[in-house]
Number of protein chains: 2
Amino acid sequence: MTSQATGSRRGRPGYDRETVLRRAVDLFNERGYDATSTADLARDLGVSKSAIFHHVSSKEELLASALDEALTALASAVDAAADDVRSPGSSATDRLRATVAESVRILVAHLPTVTLLLRVRGNSAVEQAALERRRVIDEKLARLVREAAAEGTLRTDLAPELISRLVFGTVNSLVEWYRPGGTLSPDDLAEQVTALAFDGLAVRPGTLPAPPTVEP
Amino acid sequence: MTSQATGSRRGRPGYDRETVLRRAVDLFNERGYDATSTADLARDLGVSKSAIFHHVSSKEELLASALDEALTALASAVDAAADDVRSPGSSATDRLRATVAESVRILVAHLPTVTLLLRVRGNSAVEQAALERRRVIDEKLARLVREAAAEGTLRTDLAPELISRLVFGTVNSLVEWYRPGGTLSPDDLAEQVTALAFDGLAVRPGTLPAPPTVEP
DNA sequence: GTCTATACCGCGATAGAC
DNA sequence: GTCTATCGCGGTATAGAC
């Protein structure tokens, strides 16, 4: 509120709000939000506790900022990929496929804040508001699955609601293990997750170009 | 330790250790372990804080008991379904299929404690020990996937390690929404999760008996 | 922008009466 | 088996000097 925008990022000792936020999110993900004290964060940054409160007015404000980043990114990505607007002729199934892949990319691009979002349980007003925004996004995804099912291009022996839960449960489970910088790029990950979701892990006759068996 | 086994479960007022544990696990899952105080638990049970410490020597002992239940159930289930012993002639792929389904059933049968287990981050010695036991189980599952891949009955364009992560990530994501008592029975859930994992959500030619389209 | 010092509160756990 | 009362600690947040 009364901050002078901290436009001068040069020279001065100390941290800006953004750096404090990034570090806080990492700690929240390592130990959990409730188990991370402002003293932990201050120690990690090498400053005193009260220095933190120069940048934010409360610990919960850090949480709110992080959740907002994740929700904004997810919502706009899902809107772009799932809505009819951009490619009016495409089938719902094609849009579903694109949405799954795009969700993976967003999750990876905003891994820390999305991880935090997926662990929120609704313990405070801030958390409840985040859960509500998330519910809206989930409902939009479920609607897309229902449209694809109505087209007849999805298997009909599984309820669309179940498919939606399982597919995006798979996507969300990535936060438990995927770390960028490894051998698997975000784009490859998105493609392979989508491939597994749509085609399963069993061999499909006539799908494989019989690649040379190489040991890693 | 000094408890007199509380064999008399009849008549007496108050709670036994098992009841306190079940209630504690539910609260831990609703709000998170760290965010749940012993005062919260006492209020929920309608007793004073110190009454809790008559049954357990610490809050963490409740966590340890719950995690032990989940890990024991998961380990024995995975051992039974994944090992060669019981059905020596079966392929690794068949055993993988059975293991996925059995994992779902165990997860549902022990939903509260498994949920708690999947949220543990390693903040204490108790939590770290649980994570280590879980790692052993996960490695056994990954080995089974590698065996199935080596048989040639799994698609080869995805790394076995990725398949293992994604499939059991899907299974684990069930704790976020599945609640027993609804229209979907645990056995049906197990079957449908397995079907989706192996065959994907796209229509497979010649698979569908074209069921009558019924609105729910 | 960071510091020290501190107010105030709720935490896990204990003591001892009933 | 539960109670009241309390201890000691560490939590978030604030005040005011530098």
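Naming convention: chains lettered A, B, ... in sequence-line order (proteins, then strands); numbering from 1 in each chain.
The nucleotide whose nearest atom lies closest to any side-chain atom of A/Ser50 is, among D/dT12, C/dT4, C/dA13, C/dT4. Looking at the side chain of A/Phe53, the nearest of the listed nucleotides D/dT12, C/dT2, C/dT14 is D/dT12. The side chain of B/His54 sits closest to D/dG1 out of D/dT12, D/dG1, C/dG1.
To the nearest 0.5 angstrom, A/Leu116 atom CG is 11.0 Å from A/Ser65 atom OG.
Among the protein residues, B/Ser58 comes within range of the sugar-phosphate backbone only, with heavy atoms under 4.0 Å from sugar or phosphate atoms but none that close to a base.
Atom CG of A/Leu27 and atom C1' of D/dG11 are 16 Å apart (whole Å). If you measure from atom CG of A/Leu62 to atom P of D/dG11, you get 16 Å, rounded to the nearest angstrom. Whole-Å rounding puts the A/Ile52 CD1 to D/dT14 C1' distance at 15 Å. Rounding to whole angstrom units, CG of residue A/Leu41 and P of D/dG11 are separated by 12 Å. Residue A/Glu61 contributes atom CD, which lies 11 Å from atom P of D/dT14 at whole-angstrom precision. Note: CG (A/Leu63) to P (D/dT12) measures 13 Å, nearest angstrom. In this structure, A/Phe28 atom CZ and D/dT12 atom C1' are separated by 12 Å, rounded to whole Å. One atom, NZ of A/Lys49, and another, C1' of D/dG10, lie 8 Å apart when rounded to the nearest Å.
The only member of B/Val25, B/Thr38, B/Leu41 that meets side chain to side chain contact (heavy atoms under 4.5 Å, CB included) when paired with B/Leu62 is B/Leu41.
The nearest pair of heavy atoms linking B/Ala35 to A/Asp34 is CB-OD2, 3.4 Å.
Between the side chain of A/Ser48 and the base of C/dC3 there is no donor-acceptor pair of N/O atoms closer than 3.5 Å.
Checking the phosphate oxygens (OP1, OP2) of C/dC11, a side-chain nitrogen or oxygen of B/Ser37 falls inside 4.0 Å.
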Could you give me the CA-CA distance, side-chain angles and deciding distance for A/Arg165 and B/Glu176, then say whether salt bridge (charged side-chain N to carboxylate O under 4.0 Å, His left out) is met? CA-CA 9 Å; A/Arg165 300 267 201 190; B/Glu176 299 294 331; over 6 Å; no

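Place B/Val47 and A/Lys59 on DNA chain D by their nearest nucleotides, and B/Val47 ends up nearer the 5' end.
A salt bridge links B/Arg43 to B/Asp40: at least one charged side-chain nitrogen sits closer than 4.0 Å to a carboxylate oxygen.
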